[in-house]
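All values below were derived from every heavy atom in this structure, side-chain atoms included, with hydrogens, water molecules and symmetry-related copies excluded. Residues take their numbers from the sequence shown, with the count starting at 1. Because the structure is a prediction, the values reported are computed rather than measured.
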Amino acid sequence: MLRYLNADSEESISYSHFRNFMLLLPSERLEDDPRNIWFEAATLVAVPPPVEISTGSVLKSALAGGLASALSTSVMHPIDSMKTRVQASSLSFPDLISTLPQIGLRGLYRGSIPAILGQFSSHGLRTGIFEASKLVLKSVAPTLSDIQVQSLSSFCSTILGTAVRIPCEVLKQRLQAGIFNNVGEAIVGTMQKDGPKGFFRGTGATLCREVPFYVAGMCLYAEAKKAAQHVLNRDLEPWETIAVGALSGGLAAVVTTPFDVMKTRMMTAPPGTPVSMQLIVFSILRNEGPLGLFKGAIPRFFWIAPLGAMNFAGYELAKKAMIQTESDTADSVHEKRTTVGSRG
């Protein structure tokens, strides 16, 4: 108790210390035995409050992330189809451009249904887990820096979100590469030739692509936004936030292109053919050289940059809009109640 009250070397306390201690004591405990009170005060251990994760906030984050990703995927799907066709064949990007009249717009939108559904579910789950993980980490490990919290949250959320999307990704890429003609045929054909595990072909390459992409992309986006705000000495305008998101997503996409090439080759391999990441890498290096691992980097950049703008920045802007709408609604209801109360 003496140590708790900052006693001096002679183990005594001043009257002011004792007075302040008693003044701060709850009134209902004034009649308790002082020895018990002093013992409790001397042995008190600070315990952090339990983490409270708002279900509404997490659901809003998931919905905002899912809608932003689904919208961006539906708009940019033709460029994704061009990237897949380049990576899955011996065509170069200029060669593919010359064949676009034969492919047509309908051909470029093949596989869009599983792509949109997969992105909505996986990105919604990813952003929801991302927000919840940040709250937990900040409470459990308050000494972690912002970039460490961002990285760990992105890592956990990306693994779970990607696992949900892989079956849709397999169907999408097989449709884009022309292996099947429609979604039903792709599902039945994959099941007959590869079995259930065929829907998870390329999981390792996908995780090797997605985890570094989202960890690097989210961290780059967060740090670039902070730097821009520091330089401008103000909050960013919506178009500036979108520009930062696009640049962050595009740069992260180029860096992770080799894993994207491996994933595409594994998913578009003839059904029933055994493939592995090692076989794909050796085949590319032997037949196409190191640059073969960056095949499709240009369309991937132009595909991911708008996706980054919509996924990173669009998610944040959509979430802010939801919160603002809820705040405006609450203010309107409060104002109506106040008006009715004053009339009464």
Side-chain angles (χ1 to χ4, degrees), residues 61 64-84 86-87 93 115 119-120 122-124 126-127 130-131 134 145-155 157-158 161-162 165 206-261 263-264 291 293-321:
S61 299
L67 289 175
S69 185
L71 175 62
S72 58
T73 300
S74 62
V75 172
M76 302 305 298
H77 188 76
I79 298 179
D80 180 40
S81 293
M82 293 167 62
K83 173 196 71 76
T84 299
V86 168
Q87 292 179 340
F93 188 57
Q119 287 286 356
F120 176 78
S122 69
H123 205 74
R126 195 189 70 78
T127 48
F130 176 74
E131 291 295 334
K134 283 201 303 183
S145 64
D146 288 343
I147 193 167
Q148 289 174 319
V149 171
Q150 294 272 357
S151 299
L152 290 172
S153 300
S154 295
F155 179 81
S157 60
T158 300
T162 302
R165 195 178 90 231
T206 304
L207 289 174
C208 288
R209 181 197 69 171
E210 294 290 285
V211 173
F213 170 75
Y214 278 109
V215 170
M218 287 297 289
C219 292
L220 185 60
Y221 169 69
E223 295 304 312
K225 192 175 70 168
K226 283 182 183 178
Q229 289 174 333
H230 179 72
V231 170
L232 298 174
N233 198 26
R234 61 174 173 80
D235 290 336
L236 298 183
E237 297 291 335
W239 72 267
E240 293 171 328
T241 302
I242 291 172
V244 171
L247 183 61
S248 302
L251 292 176
V254 172
V255 172
T256 55
T257 296
F259 294 110
D260 187 54
V261 173
K263 176 192 76 73
T264 300
L291 289 179
L293 292 172
F294 286 89
K295 201 169 186 182
I298 295 175
R300 179 167 164 78
F301 175 86
F302 287 107
W303 170 52
I304 294 292
L307 286 178
M310 296 182 190
N311 289 348
F312 297 149
Y315 150 68
E316 185 175 342
L317 295 174
K319 183 181 173 185
K320 284 182 179 178

Colleague: How long is the straight-line distance from CE of M76 back to CG of L71, given to the nearest 0.5 Å?
Modeller: 11.0 Å
Colleague: Which heavy atom in I79 sits nearest to a heavy atom in W303, and how many Å separate them?
Modeller: CG2-CB, 3.5 Å
Colleague: Do the non-hydrogen side-chain atoms of R234 and Q229 ever get within less than 4.5 Å of each other?
Modeller: no
Colleague: Using a strict 4.0 Å threshold on nitrogen-to-oxygen distance, state whether E240 and K225 make a salt bridge.
Modeller: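 K225 and E240: not salt-bridged.
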Colleague: Under 4.0 Å between a side-chain nitrogen and a carboxylate oxygen: does that hold for R126 and E131?
Modeller: no
Colleague: Taking all atoms of both residues into account, what is the closest heavy-atom pair of G250 and I304, and its distance?
Modeller: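 Closest approach of G250 to I304: N-CG2, 4.3 Å.
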Colleague: Does either side chain, that of T256 or that of R300, offer a donor lying less than 3.5 Å from an acceptor on the other one?
Modeller: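 Side-chain D/A pair, T256 to R300: present.
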Colleague: Please confirm whether the backbone N or O of K295 pairs with a side-chain atom of Q87, one donor and one acceptor, at under 3.5 Å?
Modeller: yes
Colleague: Contact between F302 and K83 at the side-chain level, heavy atoms closer than 4.5 Å - yes or no?
Modeller: no
Colleague: Donor-acceptor pair, T158 side chain versus F155 backbone, under 3.5 Å?
Modeller: no
Colleague: Give the minimum heavy-atom separation between A70 and F120, together with the two atoms involved.
Modeller: CB-CB, 4.0 Å
Colleague: Is there side-chain contact between L152 and K134, with at least one heavy-atom pair below 4.5 Å?
Modeller: no
Colleague: Ignoring hydrogens, what is the shortest heavy-atom contact between L236 and A228? Give both atom names and the distance.
Modeller: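 L236 and A228 have their closest heavy atoms at CD2-CB, 3.8 Å.
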Colleague: Do L251 and L247 touch side chain to side chain, with heavy atoms closer than 4.5 Å?
Modeller: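 With C-beta onward as the side chain, the pair touches.
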Colleague: Testing the 3.5 Å rule here: is there a donor-acceptor pair between the side chains of S145 and Q148?
Modeller: yes
Colleague: Are any non-hydrogen side-chain atoms of T206 and F259 less than 4.5 angstrom apart?
Modeller: no
Colleague: Apply the test side-chain contact (heavy atoms from CB on, under 4.5 Å) to residues R165 and E210: give CA-CA distance (whole Å), side-chain angles for both, the deciding distance (0.1 Å), then the verdict.
Modeller: CA-CA 11 Å; R165 195 178 90 231; E210 294 290 285; 3.0 Å; yes
Colleague: If you take all heavy atoms of V255 and P258, which pair is closest and at what distance?
Modeller: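 For V255 and P258, the tightest heavy-atom pair comes out as O-CD, 3.6 Å.
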Colleague: Quick check for you: to the nearest 0.5 Å, what is the distance between T257 atom OG1 and K263 atom NZ?
Modeller: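 Between atom OG1 of T257 and atom NZ of K263 there are 11.5 Å.
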Colleague: Of all the heavy-atom pairs spanning Y221 and S248, show the shortest one and how long it is.
Modeller: CA-OG, 3.3 Å
